[in-house]
Amino acid sequence: MSMTLDEPDGTYDGLPAYYFDNRLGGPVLSHQERWDEMAGTHSGFRSTVARGFWVVTDGPAVQRALQDWRTFSNKSVTALDPDPKFLWIPEMLDPPVHSVWRRLLGRYFSPGTVAAMEPEVRRIAAEMIDEFKDRDGAEVLDGFARRFPTLVFMRLMGLPEEDLPTFLAWTRELLHLSHGEDPDGARRLSAMREVSAYFDEQIALRRRTARDDLLSHAMTWTIDGEPIDDRDMHAFCVLMFQAGFDTVPISIGWALYHFATHPRQRAEILADPSLIPTGVEEILRVYSFVVPARKATKDVEIGGCPVREGEMVMLPLAVTNRDPGRYENPGEVDLHRRATNHIAFGSGPHRCLGSHLARLELNVAIEEWHRRIPDHRLAPGQELWQHGNMYGIKSLRLEW
Ligand code: HEM
């Protein structure tokens, strides 16, 4: 695994190019620390992986690119594939069509709508933690961090709750298999087909009989005077599945890992739970795990990378969120930090639609967990590993 930029793998446009593969997993925090290291030595570089792409490692340049949608398009958001055969809505749309979708979706994810969901979100978290609080330990990702947000999301979308185990299995097959477990991608593909068929069925059900859920409401919307067809409804469902199913579990995993390994800070939030919101923001910042990508619409220089029209650019949020020019002690969670202003939810037009819901879920998870399991630590004898692509912990056993 190439974790540093010691040896160039060749040259591109006269510049050194490196074999840099973000899909590979590594020990916990290794990706975040590797970004720190690369940001310290390079402002940007070319990766030779697949068809090749640029990697920006300058914090302000990452944020600038995310905001400049005219130059950095969302037609592809996968650094390895500039011409994807699939569509995710709204993620892979550019303004102005993107703005129409955001306006329509906005009210379902607004601060007011999300605040109204709080009692139910809290009840779901509390019930799940109650199920195993009287044991002396557990694998907490499958037991809680993955189940809780998935169930919240299924209620929001109006999907049948008995399908929760199926959804959790799909998430694992789609997002969490290592290369060794799925060398030719066949398991991933087969899960993707099942997810697609599932959403097609759910869309067809609602076309016959509308219900009071986000999916049914979306079917009544019009874009440029036209109703949304099944293809776009499908692209929307698949994106919601990807966006909402993995990110909150990953963040809850990091939060539990953090408080298990920082007992003094755990004592502080127990004594004063009003510190939890800042703790959540700091955990999102320090453990940054999303690595967006964009496709250049013209030749442009960004963060030292001479990008040509049509080329892909990788924009790791970690380099902005852990930038020593932006934060003092950037790698440390500071429960008393004043300005967090991180970009863990992205920046620009595609900034996370679900950020209010994600924040609610994270705060509720940490509050309800510590109310019931105040004293917890890492179970001994486990090797802690994080996935590539989106850096979530693979498995986390805690004891209490
Ligand atoms: C802590 C949890 C979360 C994190 C860190 C996160 C992060 C992000 C980031 C960085 C983006 C921008 C991607 C880009 O620029 O290409 C994004 C977009 C998005 N997120 Fe989240 N997200 C989280 C939770 C959620 C949840 C719970 C939902 C919905 C239920 C959601 C829905 C979306 C959608 C729909 C987009 C696409 C927005 C657009 O294209 O305009 N996210 N998220």
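First listed ligand is number 1; within each ligand, the first listed atom is number 1.
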List ligand 1 atoms under 4.0 Å from [X], heavy atoms only on the residue side.
X: Ala344; answer: 5 (C), 7 (C), 10 (C)
X: Phe153; answer: 30 (C)
X: His98; answer: 39 (C), 40 (O), 41 (O)
X: Ala358; answer: 1 (C), 2 (C), 24 (C)

Query raised in the report: Does the pair Arg155 and Asp213 meet the rule for a salt bridge (charged side-chain N to carboxylate O under 4.0 Å, His left out), with working shown?
Result: CA-CA 8 Å; Arg155 284 203 187 158; Asp213 59 35; over 6 Å; no

Report yes if [X] has an N/O atom closer than 3.5 Å to an N/O atom of ligand 1; otherwise report no.
X: His350; answer: yes
X: Arg294; answer: yes
X: Arg351; answer: no
X: Asn74; answer: no

Answer with yes or no whether [X] contacts ligand 1, where contact means a heavy atom under 4.0 Å from a ligand atom.
X: Phe109; answer: yes
X: Leu284; answer: yes
X: Ile250; answer: no
X: Phe289; answer: yes

Can a salt bridge be assigned to the pair [X] and [Y] using a cut-off of 4.0 Å between side-chain N and carboxylate O?
X: Lys295; Y: Asp83; value: yes
X: Glu139; Y: Arg397; value: no
X: Glu367; Y: Arg122; value: yes
X: Asp36; Y: Arg322; value: yes
X: Glu131; Y: Arg147; value: yes

Query raised in the report: From Asp200 CG over to Arg193 CZ, what is the distance, rounded to the nearest 0.5 angstrom?
Result: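 Going from the CG atom of Asp200 to the CZ atom of Arg193 covers 13.0 Å.
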
Classify the contact between [X] and ligand 1 as side chain, backbone, both or neither, using a heavy-atom distance cut-off of under 4.0 Å.
X: Ser251; answer: side chain
X: Leu317; answer: side chain
X: Leu239; answer: side chain
X: Leu105; answer: neither

Query raised in the report: Which residue and non-hydrogen atom of the protein lie closest to atom 32 (C) of ligand 1, and at what distance in Å?
Result: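 Closest protein heavy atom to atom 32 (C) of ligand 1: Ala243 CB, 3.6 Å.
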
Going by the closest heavy atom to [atom], which one wins out of [options]?
atom: atom 3 (C) of ligand 1; options: Leu66, Leu315, Thr247; answer: Thr247
atom: atom 28 (C) of ligand 1; options: Ser347, Gly354, Pro249, Ala293; answer: Gly354
atom: atom 20 (N) of ligand 1; options: Gly346, Ser355, Ser288, Cys352; answer: Cys352

**Report entry** Donor-acceptor pair, side chain of Arg285 and main chain of Pro330, under 3.5 angstrom
**Finding:**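 At least one qualifying donor-acceptor pair exists.
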
Report task. Would you please say whether a donor-acceptor pair under 3.5 Å links the side chains of Gln63 and Thr320? Result -> no

